[in-house]
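Take a look at the structure below.
Because the structure is predicted, anything quoted here is derived from the model rather than measured.
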Amino acid sequence: MSSVIAYAAPAEAAPLEKTVIERRELGPHDILIDIAFAGICHSDIHTVRGDWGPQQYPLAPGHEITGTVAAVGSEVTRHAVGDRVGVGCLVNSCGECRQCRRGEEQYCENGAIGTYGAVDRDGTITQGGYAQQVVVTEGFVLRIPDALPLDAAAPLLCAGITTYSPLRRWKVGPGTRVAVVGMGGLGHMGVQIAHALGAEVTVLSQTLSKQDDGLRLGADRYFATSDRETFRELRGSFDVILNTVSAAIDLRSYLGLLDVDGTLVCVGAPPEALSVNAGSLIAGRRSIAGSNIGGIRETQEMLDFCTEHGITAQIEVIPASAINEAYERVLASDVRYRFVIDAATFAA
Ligand code: NAP
Ligand code: ZN
């Protein structure tokens with residue numbers, strides 16, 4: 001075992017603080033990564049604050065990790081020392097079930113192992129990327145193409161794949177009318193990716209305060225959901241709505257914006273239940289769906305897609321000492337559009 005400096009929540013709802021966590025010895029298929037950057041995902045906040053259920057503390061979050069390979073186990077073939085790599089929301093899965101075999105490790109029938117707060121193979125609780133180093137089995141380590149900077153690429157490991165996967169799944173492309181609800185970390189990636197896929201993209205944000213950024217990132221139109229007129233004007237006008245909102249929204253109003261056969265895909269994961277009435281689905285043969293990150297193969301595909309299209313996250317790099325302040329700003333929808341922690345500051 002080796003000790004590394006990390007930032008962790010000592011208890012539910014407590015501010016994160018500097019601490020020391022243990023990383024396992026390198027097994028034959030393990031990779032030791034010197035972490036360079038770790039993005040702050042709203043899921044980190046939901047998790048450490050107990051929104052999704054009780055956790056074991058201390059808990060170091062972070063599942064948007066980039067860095068370089070510092071050492072490899074004796075049987076590692078996929079990566080070598082010095083490689084630029086990334087780790088997302090998963091660090092292991094059974095590898096044998098139907099879902100793992102088709103590359104959908106996030107739906108592993110035996111339970112995929114999350115990057116933090118999950119029970120690992122050895123019975124310990126996984127600790128995430130707000131740390132100097134991490135040890136991950138090689139099959140869950142992604143290659144970061146040279147053209148992608150490690151800081152602005154970090155959010156692709158969660159926000160990027162979480163929006164790319166459903167946009168591909170629901171065949172978004174030229175001729176598709178897509179609405180992205182919420183212009184935050186996930187939302188601003190969804191806008192860029194949907195635009196690069198050739199879709200007509202509309203942002204539905206609470207206000208017009210981020211309109212210029214939305215249009216610059218590839219949106220064709222931008223509307224405020226605080227204005228009821230938006231819901232009248234856009235009635236029946238989308239094929240796909242990607243809901244990235246971290247709080248419960250009134251799905252009925254949004255379902256009315258779908259054309260016949262349209263689908264509202266939820267990726268935002270508020271702790272509260274979302275309610276719908278059957279009529280709003282029946283009226284236009286509409287569907288509601290959900291989508292969980294993406295598999296490892298698809299995550300590599302997304303990284304290559306983003307490289308090809310020049311897509312990265314819009315980031316604000318912060319020192320570790322600013323994590324708690326950043327959390328408050330994320331909760332206040334005051335993030336443009338992802339905070340990324342500079343791992344060089346963990347030891348400061
Ligand atoms: P984020 O950066 O905080 O963005 C969320 C956006 O939602 C905000 O910027 C805001 O956009 C909008 N919003 C927030 N509160 C709202 C409210 N009360 N009413 C209406 N709109 C509101 O968060 P994120 O990191 O993108 O994550 C978003 C959600 O996705 C979280 O619940 C997270 O846990 C979840 N998530 C799910 C997956 C998955 O695999 N399904 C993966 C990662 C994250 P505007 O200011 O533009 O309105
Ligand atoms: Zn995330």
Side-chain angles (χ1 to χ4, degrees), residues 42 104 106-107 159-208 210-211 214-215 217-294 298 302 305 333:
H42 206 119
E104 304 256 45
Q106 73 278 28
Y107 303 121
I161 184 61
T162 301
T163 48
Y164 180 83
S165 183
L167 290 171
R168 293 303 304 266
R169 176 83 196 167
W170 276 275
K171 301 191 167 39
V172 164
T176 317
R177 298 158 299 167
V178 179
V180 175
V181 189
M183 178 75 180
L186 266 56
H188 94 291
M189 290 310 308
V191 168
Q192 296 183 78
I193 293 168
H195 173 70
L197 288 168
E200 181 190 304
V201 184
T202 301
V203 175
L204 302 176
S205 179
Q206 293 168 95
T207 67
L208 296 180
K210 298 177 260 187
Q211 180 171 21
L215 297 177
L217 292 176
D220 300 284
R221 299 184 301 167
Y222 202 106
F223 289 86
T225 54
S226 53
D227 180 357
R228 290 312 295 175
E229 182 54 29
T230 292
F231 291 91
R232 276 188 289 276
E233 187 179 340
L234 299 178
R235 207 167 168 75
S237 64
F238 299 111
D239 304 303
V240 175
I241 298 177
L242 187 62
N243 171 21
T244 75
V245 176
S246 49
I249 54 173
D250 176 24
L251 286 191
R252 282 165 298 191
S253 328
Y254 291 85
L255 285 167
L257 304 184
L258 287 172
D259 200 352
V260 174
D261 288 327
T263 304
L264 186 153
V265 185
C266 291
V267 288
E272 306 84 17
L274 300 168
S275 80
V276 289
N277 55 333
S280 50
L281 297 173
I282 292 167
R285 196 165 56 196
R286 302 175 179 120
S287 308
I288 296 184
S291 184
N292 184 23
I293 46 172
E298 191 175 41
M302 174 276 308
F305 176 89
S333 301

Check: [X] side chain, [Y] main-chain N or O, donor-acceptor pair, under 3.5 Å:
X	Y	value
Lys210	Ser205	no
Thr163	Ala159	yes
Thr230	Ala224	yes

Measure the spacing between [atom1] of [X] and [atom2] of [Y] and express it to the nearest 0.5 Å.
X	Y	atom1	atom2	value
Leu258	Arg235	CG	CZ	10.0 Å
Arg169	Ser291	CZ	OG	8.5 Å
Thr225	Leu208	OG1	CG	9.5 Å
Glu229	Phe223	CD	CZ	9.5 Å
Met189	Leu167	CE	CG	10.5 Å
Ser287	Leu255	OG	CG	9.5 Å

Pair listing, salt bridge (charged side-chain N to carboxylate O under 4.0 Å, His left out) test, anchored in residues 242-257, at least two apart: Asp250-Arg252

Leu217 and Val203, any side-chain heavy atoms less than 4.5 Å apart: no

Which donor-acceptor pairs under 3.5 Å do side chains of residues 242-249 form with protein atoms, sequence neighbours excluded?
residue: Asn243; atom: OD1; partner: Val245; partner atom: N; Å: 3.0
residue: Thr244; atom: OG1; partner: Val181; partner atom: O; Å: 2.7
residue: Thr244; atom: OG1; partner: Gly182; partner atom: O; Å: 3.2

Shortest non-hydrogen contact from [X] to [Y]?
X	Y	answer
Tyr222	Thr207	CE2-O, 3.6 Å
Pro166	Thr162	CD-O, 2.9 Å
Ser165	Glu298	OG-OE1, 2.7 Å
Asn292	Gln106	O-CG, 3.2 Å
Lys171	Thr176	O-OG1, 3.7 Å
Arg286	Gly256	NH2-O, 4.1 Å

Which residues share a side-chain hydrogen bond (donor to acceptor under 3.5 Å, both in side chains) with Asp259, sequence neighbours left out: Arg177

When the side chains of residues 263-284 are checked against the rest of the protein, which donor-acceptor pairs come out under 3.5 Å, sequence neighbours left out?
residue: Asn277; atom: OD1; partner: Ser280; partner atom: OG; Å: 2.8
residue: Ser280; atom: OG; partner: Asn277; partner atom: O; Å: 2.9

Mutual orientation of the aromatic rings belonging to Tyr254 and Phe231 [parallel < 30°, tilted 30-60°, perpendicular > 60°]: perpendicular

Which atom pairs, donor and acceptor, lie under 3.5 Å between side-chain atoms of residues 191-202 and protein residues at least two apart or in another chain?
residue: Gln192; atom: NE2; partner: His188; partner atom: O; Å: 3.3
residue: Gln192; atom: NE2; partner: Thr312; partner atom: O; Å: 3.1
residue: His195; atom: ND1; partner: Gly218; partner atom: O; Å: 3.1
residue: Thr202; atom: OG1; partner: Arg221; partner atom: NE; Å: 3.4
residue: Thr202; atom: OG1; partner: Arg221; partner atom: NH2; Å: 3.3

Counterpart residues, ring-ring contact (aromatic ring centres under 6.0 Å, His included), relative to Phe238 (two or more places apart): none

